[in-house]
**Q** 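Encoded as structure tokens, here's the structure I'll be asking about.
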Amino acid sequence: MGTRDGIIHEIWDYSDSESDGVEDFPSAMIALLDKHRPSRMPFFRRLASLPLRVVSEPDFLGEIHLVYQAAMHATRAAVYYLPHLDSPALRKRKLQIFIDDDGLAGGDTHHYQLTRAFRNIGANIRLTDEEFGSPEELCRHLDPETAHFVRLAQRLYSRSLGPWCAVEVMSVDWMRALAEAFSAHFPQFIHEPYFEDCFSHHVEERHADEALAVSKMVLQQRPELLAETMRDARMMAEALDGVWNNLDRVVEEARRRAGGFERRGLMLIVNRMMMGPKLA
Ligand SMILES: [Fe+2]
């Protein structure tokens, strides 16, 4: 994770060197976020290479669900507080984003879809859907890195449009990486509505385009917000790296636990074989 000093220095450089910064905003944002592309993180490939008996363990799946759902919940809740989008035309565009998450056919939501996808592969769900509420309450159930992401989403989404851009630009990458990693073990997983609806309708690509386009419109009116927008996007992206790092630890701990059980099992067999002739 970069230092605060590092962040400030790079933003200073960016503002200084780019006289037409707002015109370049979408490409500068994409370049910034490319360094944080979620699929580059070890979590996804290590998840795909876990033995099936480890990845099928209900408590392990429940832990992955809790962390991932908590991070997603934080951004879905925070998007309702986005600033600068108050004109009727911009409220309409914001509303479409809400509908894509929380206004699905038949009263469904992305949150419910995701929980069903995990239940269908056998997860022991730790928090029921409606227990995902206020950030502070939720953080009591989370590791420090995911809790940091949840708190940061609440704070940053309401002060600039950068974090929203960061999440929307990167989301299709991590959704594909997650779907493909789990589908190595559970082929149906990638066909769950949470993934398939998004992929087939290019929902996240549309959100990315929309977040960048709307933010650029705001910045054209208020170019003084550019540095803050870029800084907040970077902070969000760094915090998201922390979520993947934590999930990677969950995977490695599950692998170690399974290795420990195997060694103990092997020792028991060896001991019995050694004791056998003496008892006979
Ligand atoms: Fe989205």
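Both ligands and their constituent atoms are indexed starting at 1 by order of listing.
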**Q** For Y80, run the ring pair (Phe, Tyr, Trp, His ring centres under 6.0 Å) check against Y157, W164, F98 and tell me which one passes.
**A** F98
**Q** Mark yes or no for whether N246, through its side chain, and T146, through its backbone, hold a donor-acceptor pair below 3.5 Å.
**A** no
**Q** Can you find a side-chain donor-acceptor pair between Q69 and R126 that sits under 3.5 Å?
**A** no
**Q** Do you know which N/O/S atom name in E168 is closest to the Fe ion (ligand 1)?
**A** OE1
**Q** Between R151 and E136, is there a salt bridge with N-O shorter than 4.0 Å?
**A** yes
**Q** Near the Fe ion (ligand 1), is there an N/O/S atom from D101 that is less than 2.8 Å away?
**A** no
**Q** Which atom, among the N/O/S set of E204, is closest to the Fe ion (ligand 1)?
**A** OE1
**Q** So, of the N/O/S atoms that H207 has, which is the nearest one to the Fe ion (ligand 1)?
**A** ND1
